[in-house]
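Okay, so here's the structure we're looking at.
All chains are named by letter (A, B, ...) in the order of the sequence lines, taking the proteins before the strands, and each is independently numbered beginning at 1. Values in this document were obtained by computation on a predicted structure and should not be read as measured data.
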Amino acid sequence: MSEELKKEERSLNFLEEIIEDDLKSGKYKSIVTRFPPEPNGYLHIGHATSICLNFGLTKKYGGYTNLRFDDTNPTTEDTEYVESIKDDVRWLGFEWKNELYASDYFDQLYGFAIQLINKGLAYVDDSTSEEIATLKGTPTEPGKNSPYRNRSIEENLDLFQRMRNGEFADGSRTLRAKIDMAHTNMLMRDPIMYRIKHAHHHRTGDKWCIYPMYDFAHGQSDAIEEVTHSICTLEFVPHRELYDWFIEQLGIYPSHQYEFARRNLTYTVMSKRKLLQLVNEKHVNGWDDPRMPTISGMRRRGYTASALREFCDRVGIAKRENSVDLGLVEFFVREDLNKTALRRMVVFDPLKVVITNYNGGDAGEEILHSENNPEDPAGGEREVPFSNELYIEREDFMENPPKKYFRLAPGQMVRLKSAYIIRCDEVIKDADGHVTELRCSYIPESKSGADTSGINVKGTLHWVSVKHAVTAELRLYDRLFRVEDPSSEEGDFKEYINPDSLTLVKAAYMEPAMRNAVFGEAYQFIRKGYFVLDKDSSTSGMVFNRTVGLKDGWKAK
RNA sequence: UGACCCAUGGUGUAAUGGUAACACUACUGAUUUUGGUUCAGUCAUUUAAGGUUCGAAUCCUUAUGGGUCAACCA
């Protein structure tokens with residue numbers, strides 16, 4: 001274990017290397033990072049990677065992480081999202097030092113803009129957005145200067161003031177940085193700093209009618225907060241040149257931007273736009289639908305915060321495009337749940353078994369005991385009632401079994417988990433030939449924990465006593481899409497939605513201990529999978545979500 | 001026909017000029033009152049071509065492939 005840890009410490013990701021160098025050279029004594037979501041959607045597992053990275057780095061190297069909402073576009077942002085984001089970060093197990101908003105800096109940002117106008121590095125442009133686009137050129141052709149580019153400082157100051165005062169209509173003017181219209185980096189071709197939007201902002205209300213663009217807000221916000229390492233995804237690489245330019249021209253704290261590759265997952269989509277479509281067009285039941293790759297969806301599904309953190313840490317980060325197998329997330333979820341989930345017996349698709357030679361004394365039944373978790377000796381046991389009428393899983397019986405079928409078949413024996421060994425004596429069918437019931441006999445000396453029968457059976461089945469059974473609805477989830485990367489397929493990504501992403505079991509039969517099921521507790525339905533109680537449960541009925549199935553090593557032919 | 005970023009098993013990530021490794025997956029086998037877990041093992045990797053070097057996944061050059069950039073989004 002210690003060797004393993006040492007090895008892990010030795011192999012740093014590229015950001016850790018940069019930070020260790022910075023710390024060693026004395027560039028910083030401690031570091032500051034930030035997690036900067038835009039409050040216009042729910043967080044997904046890609047954000048979880050960023051959260052674990054940013055918070056993990058300051059935890060490891062000393063320093064702190066701010067939660068900063070990048071709320072510079074009032075038309076798409078909302079407080080509903082602010083709350084969900086805070087919830088998700090907390091649930092993942094991280095604490096931010098300061099809760100901040102880019103909108104907190106609107107006054108300072110306005111001052112920075114004036115500073116640049118005064119230096120002759122920004123101007124008000126009256127061009128329409130089409131004109132700006134035309135003059136911008138293309139990646140292979142240089143752009144051309146705007147006719148408004150050479151206004152005097154005084155005129156720019158006056159115009160910008162009047163933009164702020166609300167004298168102009170939306171879209172009629174912008175403030176642009178004066179850099180180089182022929183620059184090979186399109187972002188350096190006089191980028192827009194401010195645009196006019198007469199819109200209500202979720203925090204500043206109607207105070208402003210001009211709002212800064214991302215590029216004129218993000219780096220400056222980092223600088224104001226003295227963020228040492230500003231970590232973002234690869235698509236911002238070309239922005240770094242502009243990020244540095246503004247900081248240099250303004251002479252403010254030199255934060256630095258570093259980029260890593262965003263985390264992609266197979267069989268799902270990750271863009272907020274697409275997720276929003278799934279929600280709005282009702283392909284899923286809200287942002288927290290357990291099939292969604294959102295943090296709230298995965299939480300509702302039963303994924304644990306520690307499994308997600310472990311996933312993020314052990315998958316690591318780098319700078320190349322990637323697509324992580326959904327199966328890897330499931331591995332970490334199972335690894336975690338195996339250690340903690342309470343074992344219970346639940347029959348999804350019942351087949352009645354009558355034990356013909358069992359009378360169970362006066363009561364006709366007996367109470368057996370079964371461990372809550374074989375991985376956890378301290379986990380205790382619970383009581384499980386046994387009687388002469390049981391349900392087993394229909395798929396655990398075959399009339400004409402293949403070679404290595406360890407389950408029940410005519411004349412074949414199996415153990416009932418924590419109970420007795422039984423033998424199938426007779427198969428009862430209805431008029432159509434469908435199996436409706438099995439007549440079995442039990443071996444009295446084979447009682448679990450006191451087996452003197454000497455009989456060895458290969459198979460062990462889960463079961464539920466018919467008269468003690470409790471019913472509940474089960475929701476079985478599968479991958480949301482049929483293809484690995486729906487976004488790269490022909491046509492609309494929604495055509496590739498998996499029609500079987502949700503399967504309902506209207507009435508599963510559960511052992512009576514499930515009456516005490518509580519929210520947030522993980523259960524392993526033996527031989528079936530991990531489940532959690534869903535919020536749709538009510539006094540009239542319990543609903544369970546399948547978090548993930550058990551790994552299944554047996555392949556029926 | 002531009003600029004920038006990237007290229008290691010099926011997947012993800014290491015190796016920082018000196019024996020290509022770890023995890024997942026797949027497959028074998030052992031254990032097992034969950035066909036789960038656990039344990040042991042097997043298969044499988046440096047995009048290509050040149051160059052530098054005693055020695056290259058690593059440094060250089062070129063090619064190839066992938067990605068990003070022409071929003072008053074972030």
Side chain of Arg314(A), base of U13(B): donor and acceptor closer than 3.5 Å?
no
Rounded P spacing from U62(B) to C5(B) in Å
14 Å
Using a 4.0 Å heavy-atom cut-off across all strands, classify Gly449(A) as base, sugar-phosphate, or nothing.
base
Scan Tyr405(A) against the nucleic acid and name what it touches under 4.0 Å (heavy atoms): base, sugar-phosphate only, or nothing.
base
Could you tell me whether Ser370(A) contacts a base, only the sugar-phosphate backbone, or nothing, with contacts defined as non-hydrogen atoms closer than 4.0 Å?
nothing
Quick check: on RNA chain B, is the nucleotide nearest Lys551(A) upstream (toward 5') of the one nearest Leu416(A), or the reverse? Name the residue that is more 5'.
Leu416(A)
What is the distance, rounded to the nearest whole Å, between atom CG of Leu326(A) and atom C1' of G10(B)?
16 Å
Any side-chain heavy atom of Asp336(A) within less than 4.5 Å of one from Tyr303(A)?
no
Donor/acceptor link under 3.5 angstrom from Gln524(A) side chain onto base of U34(B):
yes
Any-strand Watson-Crick or G-U partner of U52(B), both distances under 3.5 Å:
none
Watson-Crick or G-U wobble mate for G2(B), both contacts under 3.5 Å
C69(B)
Base contacts versus sugar-phosphate-only contacts with protein, heavy atoms under 4.0 Å: please encode nucleotides 67-74 of chain B as B, S and - from 5' to 3'.
S-SB-BSB
For U64(B) and A70(B), measure between their C1' atoms and round to the nearest Å.
26 Å
Which part of the nucleic acid, if any, lies within reach of Leu550(A) when heavy atoms closer than 4.0 Å are counted: base, sugar-phosphate only, or nothing?
base
Do any side-chain nitrogens or oxygens of Arg527(A) fall under 4.0 Å of OP1 or OP2 in G35(B)?
yes
Could you check whether the side chain of Thr140(A) and the base of U1(B) have a donor-acceptor pair of N or O atoms closer than 3.5 Å, going by distance alone?
no
Centroid-centroid under 6.0 Å between Phe69(A) and Tyr101(A) rings:
yes
Nearest-Å distance once atom C1' is located in both U58(B) and C4(B):
22 Å
To the nearest Å, give me how far apart CD (Glu484(A)) and P (U25(B)) are.
16 Å
Watson-Crick or G-U wobble mate for G17(B), both contacts under 3.5 Å
none
Find the distance Lys458(A):NZ to G35(B):P and express it as a whole number of Å.
11 Å
When you measure from the centre of the six-membered ring of Phe168(A), is the NZ or CZ of Arg173(A) under 6.0 Å away and within 45° of the axis?
yes
Send over the distance from Phe311(A) CZ to C22(B) C1', rounded to a whole Å.
16 Å
Does NZ or CZ of Arg240(A) lie under 6.0 Å from the centre of the six-membered ring of Trp245(A), at an angle within 45° of the ring axis?
no
Under a 3.5 Å cut-off for both contacts, is C24(B) paired Watson-Crick or G-U wobble with anything, and if yes, with which nucleotide?
G10(B)
Tell me whether Arg164(A) at atom CZ has more than 12 heavy atoms from other residues, nucleotides or ligands lying less than 6.0 Å away.
yes
With Phe236(A) as reference, evaluate Tyr214(A), Tyr258(A), Phe260(A) under the ring-ring contact (aromatic ring centres under 6.0 Å, His included) test and give the passing residue.
Tyr214(A)
Pairwise C1' distance, C43(B) and G36(B) [rounded to whole Å]
25 Å
C22(B) C1' sits how many Å from Asp313(A) CG, rounded?
15 Å
For Arg423(A), is the CZ atom crowded, meaning more than 12 foreign heavy atoms sit under 6.0 Å from it?
no
Rounding to an integer number of angstrom, what distance separates G65(B) and A71(B) when you compare their C1' atoms?
29 Å
Applying a 4.0 Å non-hydrogen cut-off, can you work out what Phe331(A) is touching in the nucleic acid: base, sugar-phosphate, or nothing?
sugar-phosphate
Distance between C1' atoms of C22(B) and A44(B) (Å, rounded):
14 Å
Quick note, Asp552(A) side chain, CB onward, closest among G35(B), U13(B), C6(B) is G35(B)
Could you check whether the rings of Tyr391(A) and Tyr509(A) sit parallel, tilted or perpendicular, using 30° and 60° as the cut-offs?
tilted
By nearest heavy atom, map Ala261(A) and Phe332(A) onto RNA chain B; which one lands nearer the 5' end?
Ala261(A)
Rounded to the Å, how far apart are Met181(A) CE and A3(B) P?
19 Å
Aromatic ring proximity, centroids under 6.0 angstrom, Tyr123(A) and Tyr148(A):
no
Considering only the C1' atoms, how many Å lie between U13(B) and G51(B), rounded to the nearest integer?
30 Å
Check: His369(A) and Glu383(A) side chains under 4.5 Å, non-hydrogen atoms
yes
Counting heavy atoms from C-beta on, name the nucleotide in U11(B), G35(B), U33(B) closest to the side chain of Arg407(A).
G35(B)
Taking atom C1' in both G9(B) and A57(B), compute the distance separating them and give it to the nearest angstrom.
14 Å
How is Lys417(A) classified with respect to the nucleic acid when contacts are heavy atoms under 4.0 Å: base, sugar-phosphate, or nothing?
base
Provide, to the nearest angstrom, the distance between the CZ atom belonging to Arg263(A) and the C1' atom belonging to U11(B).
11 Å
Asn322(A), nearest nucleotide to its side chain (from U37(B), C5(B), U13(B))
U13(B)
When we call it a touch if two heavy atoms are under 4.0 Å apart, what does Arg334(A) touch: a base, just sugar-phosphate, or nothing?
nothing
May I have the distance from Phe531(A) (atom CZ) to U34(B) (atom P), rounded to whole angstrom?
19 Å
